[in-house]
Amino acid sequence: MMRLFFSKIALMIVGILFLLGVILVIDRTLLKHSNIFVLDKNVHLLILGDSRTKYDLNDKILDNACNLSNDADSYFYSYLKLKAITKNNHQIHTLLLSFSQHNIEKSIETRWLLNNTHIGQRLKIYYVLLDINDFYFLLQQKPAQLISNLFPQILFPIKLLKGRNIYGGFSDMDHNVLQEEIDKYRKNANGQDEKFVESTIEKEYLEKIRDLCKANRIELIFINTPLHKTLNTKQEYLYVFYKKHFSDVPFLDFSKLGLPDSCFSDLVHLSPEGSNYFSHLLEEKGIINLANEATLNRASK
Amino acid sequence: MLFNSVSFAIFLPIVFILYWFGAKGNLRLQNIILLISSYFFYACWDWRFLFLLVFSILLDFFTGIKIHEASSQRKKALWLSLSIGINLGFLGIFKYYNFFAESFANGLSLLGFKANLGTLNVILPVGISFYTFHGLSYVIDLYKNKIKPERDFINYSLFVSFFPLLVAGPIERATHLLPQVIKNRTFDYSNAVNGLRQILWGLFKKIVIADNCAEYANMIFNNSAHYSGSTLVLGALFFTFQIYADFSGYSDIAIGTAHLFGIDLLRNFAFPYFSRDIAEFWRRWHISLSSWFRDYLYIPLGGSKGGTWMKVRNTFIIFVVSGFWHGANWTFIVWGALNALYFLPLLLSNKNRNHLDIVAQGRYLPNLKEISSIALTFSLTVMAWIFFRARDIPHALQYIKGIFHSTIFSRPDLELSLPLVSTVAFLGIFIIVEWINREKQFALAFMETNSFKLSLYRKAVYVILIFSIFTFGGGEQAFIYFQF
């Protein structure tokens with residue numbers, strides 16, 4: 001009887017795993033045929049990163065650009081998107097990637113990438129983009145989340161109907177909490193800074209992004225978008241990290257651009273007015289020119 | 001360790017294998033394995049309170065023997081009082097001290113006096129209300145000579161702390177569970193399979209129904225001042241289904257888990273929202289607690305014998321104490337009193353035992369009279385749940401006032417989103433499935449079959465439930481009754 005009990009349970013598990021496999025194959029096939037990652041032939045500039053680039057860089061203003069940044073996207077997800085895009089879009093010659101101190105801090109791993117709620121939401125759409133190495137990485141980090149999020153893949157075709165936007169895209173900030181955030185920041189400003197610890201996972205995926213860009217002859221450019229003056233951010237750790245690991249990548253640091261209050265929705269995101277101004281500024285000066293300038297400046301130092 | 005957690009999904013198979021294969025049918029070893037597992041399970045919450053649990057077990061174990069061996073009725077009563085006093089003392093300190101201190105101070109301040117009795121900064125040990133009641137039923141039954149004392153500490157300890165029922169019941173009786181603890185247990189295939197089905201159904205109720213309803217119930221109750229009457233009605237309905245699916249889901253998992261070890265626990269829910277009056281509702285809701293209060297409080301007080309005043313008094317006492325058992329808050333007391341008010345007309349007109357059968361038994365649909373009785377009972381229950389869920393009495397009253405407003409006829413303020421639609425759709429399916437299976441022990445209690453077609457249909461149901469749990473689950477949330 002016990003043998004029958006175990007064999008029935010085993011059969012059920014095998015059956016469910018088979019079903020999950022079939023669902024995943026169907027999802028991948030649908031994704032492939034949806035051409036969701038096939039960009040217009042005239043798109044040469046790809047923008048990836050987190051909410052900073054999502055709300056600050058308007059790809060309707062920037063010529064031949066496509067912004068696929070998303071809120072709280074860690075480099076792991078940017079890497080997955082870049083892999084999918086490079087397979088189908090040989091016309092891309094520049095990748096503008098969000099790069100600021102919070103992106104490379106150890107704490108971001110638990111707040112974003114390895115946070116249970118966060119990973120649950122992300123895997124609903126990113127599961128189909130995982131290859132065996134990505135799968136193994138998550139299996140090591142979050143096995144239960146990885147397995148339990150296989151089931152919601154049954155709903156992926158419905159999500160796919162929404163189009164490319166499920167993976168990100170520029171949008172205007174629809175709220176303004178700048179004054180509240182300034183007050184809050186000033187109230188808590190006396191607190192001591194936490195010790196900076198660099199994220200090994202984010203660094204690893206940033207390196208993978210760099211390697212992938214090199215392999216596809218895409219110029220990788222880091223961008224740190226404007227921050228509100230209240231923050232008075234020193235970002236010393238960002239520069240230490242940058243010089244130590246990624247000094248070969250051009251870095252456009254606009255964090256101290258000094259935009260007026262009306263250009264901010266909060267301390268770290270631009271308002272529609274701000275993103276409009278900032279995107280026009282980049283367009284006028286030319287991202288490649290700015291990158292070259294940054295490279296020259298770096299070389300002369 | 002929550003029943004709906006990964007750690008429990010690992011813990012349960014390990015205990016199962018150790019129990020059936022490690023013990024090799026040796027009852028003593030099986031009980032030791034279950035006891036150690038139960039203590040480990042409890043220690044996962046907070047190992048410090050394990051000492052309190054063990055103390056409570058030791059107390060009742062020894063006073064139980066003393067009660068049995070006492071030479072006179074006076075000595076028996078003395079030992080019983082000692083056990084009840086210490087047990088309720090602990091419950092009082094951990095659960096009720098702050099409530100009494102604050103209420104006393106507030107009462108005095110109304111009379112113009114100032115008093116500060118101080119409050120205790122203690123956390124409530126999980127399951128204390130449940131295991132205290134286990135112990136009390138044991139010593140009271142011994143005092144009444146209903147049972148003989150259990151002289152094996154491991155057996156007695158397992159009776160109180162068996163992990164499926166340790167933190168939120170069902171509240172077991174020594175007459176039901178102890179004989180099973182000391183009896184040889186062999187693996188029963190259909191019992192185990194039924195246990196798995198009940199676990200699956202319990203998980204579905206908790207994760208898909210309760211946790212999704214909780215999101216809307218919490219949102220509406222926490223911001224009730226800003227919502228229209230119609231939205232507040234929806235909030236109350238969401239909570240009504242949340243608490244039922246949450247607690248009965250927990251009970252299903254507990255009972256199903258016990259079946260895997262060859263142990264049968266008391267039924268705790270019997271489709272209460274299909275009740276035709278409040279008396280029937282209370283025979284179907286949290287059965288193990290209702291019957292506990294009936295046997296150890298209501299009947300000793302005289303029950304429904306005696307004059308009208310006695311009936312009214314006893315009814316109020318049992319309902320108010322039952323409400324207070326849930327937590328140290330006036331909201332629970334009012335909830336209990338409200339249910340007493342609902343119940344009294346039935347009791348005084350001798351109609352409280354009118355509906356002992358199952359509604360619309362042998363029929364697909366209820367008749368009009370049954371529908372109206374169910375709807376009325378359900379509405380009264382929903383109204384009472386508002387007090388149960390509210391922060392305090394003013395919040396409950398403000399909530400009810402908000403319902404009876406002209407906005408009750410307006411469109412609810414909830415955005416028509418996919419999660420809302422899926423929650424409502426699952427609720428609809430859940431109610432239909434429960435209705436169809438209301439004559440069974442639980443909705444997924446299938447009979448064994450040799451029919452291939454039927455077996456395939458069942459497997460499809462299991463797969464759908466598993467996919468729903470993982471796909472539409474409302475996120476891991478603690479069970480409501482753990483706080484009691």
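Below, chain A is the first sequence line, B the second, and so on; all start at residue 1.
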Report the donor-acceptor contacts between chain A and chain B below 3.5 Å as a table, one pair per row.
from     : atom 1 : to       : atom 2 : distance (Å)
A/Phe151 : O      : B/Thr471 : OG1    : 3.4

Notebook entry, point to check: Using non-hydrogen atoms only, which part of A/Leu150 is less than 4.5 Å away from chain B: side chain, backbone, both, or neither?
Noted result: neither
Margin query: So, taking the atom named CE in A/Met2 and the one named CZ in B/Phe187, what distance separates them when rounded to the nearest 0.5 Å?
Written below: 4.5 Å
Check: Rounded to the nearest 0.5 Å, what separation is found between the CZ atom of B/Phe472 and the CG atom of A/Leu155?
Finding: 4.5 Å
Margin query: Heavy-atom cut-off 4.5 Å, strictly under: side chain, backbone, both or neither for B/Leu260 against chain A?
Written below: side chain
Note to self: Just checking B/Phe21: does its CZ atom have more than 12 heavy atoms from other residues, nucleotides or ligands closer to it than 6.0 angstrom?
What the structure shows: yes
Notebook entry, point to check: Is atom OH of A/Tyr136 surrounded by more than 12 heavy atoms (other residues, nucleotides or ligands) closer than 6.0 Å?
Noted result: no
Item checked: Flag if over 12 foreign heavy atoms under 6.0 Å of CG, A/Leu4 -> yes
Check: B/Leu196 versus chain A, heavy atoms under 4.5 Å apart: side chain, backbone, both or neither?
Finding: side chain
Margin query: Around atom NE2 of A/His175, are there more than 12 heavy atoms from other residues, nucleotides or ligands closer than 6.0 Å?
Written below: yes
Notebook entry, point to check: Taking atom CD1 of A/Ile154 and atom CZ of B/Phe470, what is their separation to the nearest 0.5 Å?
Noted result: 13.5 Å
Notebook entry, point to check: For A/Ile9, is it the side chain, the backbone, both, or neither that has a heavy atom closer than 4.5 Å to a heavy atom of chain B?
Noted result: side chain
Next item on the list: Measure distances from A/Ile23 to the heavy atoms of chain B and classify the residue's part below 4.5 Å as side chain, backbone, both or neither.
Entry: side chain
Next item on the list: Determine whether more than 12 heavy atoms belonging to other residues, nucleotides or ligands lie under 6.0 Å from atom NZ of A/Lys32.
Entry: no
Note to self: Does atom CZ (B/Phe430) have a neighbourhood of more than 12 heavy atoms from anything else shown, all under 6.0 Å?
What the structure shows: yes
